[in-house]
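So the structure is just underneath, and the comments pick up after that.
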Amino acid sequence: MDERSLAASLAGLPIPSIHYFESIGSTNDYARTLAERAAPDGTLVIADEQTQGRGRLNRHWETRSGSALAFSLVIRPAPEEMANLGLFSALCGLAVCSTLRSRYGLDAQIKWPNDVLIHRKKTCGILVEAAWLGSQLQGIIAGIGINIAPSSVPSPGDLLFPATCVESELGRPVDRENLLAEILQVLTSQRTSLGSPEFIANWESWLAFKGEWVRVEQPERTLEGKLAGIARDGSLRLQIKDDEIIEIAVGDVRLRKAV
Ligand code: ADP
């Protein structure tokens, strides 16, 4: 993987510039500095290795050299997308999930709000952040990390949730640049339906643990209930009693299967 081969693989996609690094702290951090300097929509930061990759709540995300995809897109939302800013992370999850399903035949699912699982093991983590200057949005930073080769999967002792990689589930090698191009193609096309009923319906149809008993950990409380689906605005619908469904907004929430 290098800047030239990436440019060839991504030709034809709306990616105005590619910033490739053999090793970087975090692609999201670099993409943020670009967003702050008015980088255009679709600017791509990609690294073969991240040494300070981040998950939500500053948890560590591991990206080992030569084995994974780790990239961040600078998104400059159009005026009509501003009402759905909170759904860009779901868009990333949907794009990865739908690519793995349609192009690779994998039974990928989305652990709400946006982690992508294959056979209930985490294959992709997503971290979407916003760069604000006062009340002015400078851009959305959409970070996506995907485990491709077996060596990308951290040892179980380092994980809160079981993990896997695309090649182990598929049983054959995968070309990282092709997969990246496919995901960006799908993301570009699904972006046009951000927040539409069809977007929510797709998300719900690929939801992991649907109908199962789950635990939702929020900073101030932990709830258990049956995972009922996704509301129109992307909130999780959790049935906590026979006659009571509550909606949980996307935020600093962690979802687990209840044991
Ligand atoms: P959560 O599922 O808690 O929302 P995040 O998406 O924020 O998790 O990702 C951070 C967590 O992912 C870390 O706490 C770690 O357990 C796990 N993790 C780190 N690197 C990887 C990886 N390459 N593959 C799978 N899981 C990972």
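Both ligands and their constituent atoms are indexed starting at 1 by order of listing. Fair warning: this is a prediction, and the values are worked out from it, not measured in the lab. Any value given below was found using the heavy atoms of this structure, including those in side chains, with hydrogens, waters and symmetry copies removed.
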Inset, instruction - Kindly say whether P150 contributes a backbone atom to a donor-acceptor pair with the side chain of S168 at under 3.5 angstrom? - result: no
Just which atoms of ligand 1 are under 4.0 Å from any heavy atom in [X]?
| X | result |
| --- | --- |
| G55 | 7 (O), 9 (O) |
| D115 | 2 (O), 6 (O) |
| S152 | 23 (N) |

Side chains of [X] and [Y]: do they bring a donor and an acceptor to under 3.5 Å?
| X | Y | result |
| --- | --- | --- |
| E177 | S5 | yes |
| S235 | D233 | yes |
| E49 | S65 | no |

Heavy-atom gap [X] to ligand 1 smaller than 4.0 Å:
| X | answer |
| --- | --- |
| K111 | yes |
| D158 | yes |
| A163 | yes |
| W61 | yes |

Which is it for [X] and ligand 1 at heavy atoms under 4.0 Å: side chain, backbone, both or neither?
| X | result |
| --- | --- |
| R59 | side chain |
| N147 | side chain |
| P154 | side chain |

Inset, instruction - Would you indicate whether the side-chain heavy atoms of R76 and P40 approach each other to under 4.5 Å? - result: no
Inset, instruction - Check each of I118, V153, L170, V174 against C165 using the side chain to side chain contact (heavy atoms under 4.5 Å, CB included) test, and report the only one that passes. - result: V153
Legend entry - Pi-cation contact, F209 with K226 (under 6.0 Å, within 45°): no
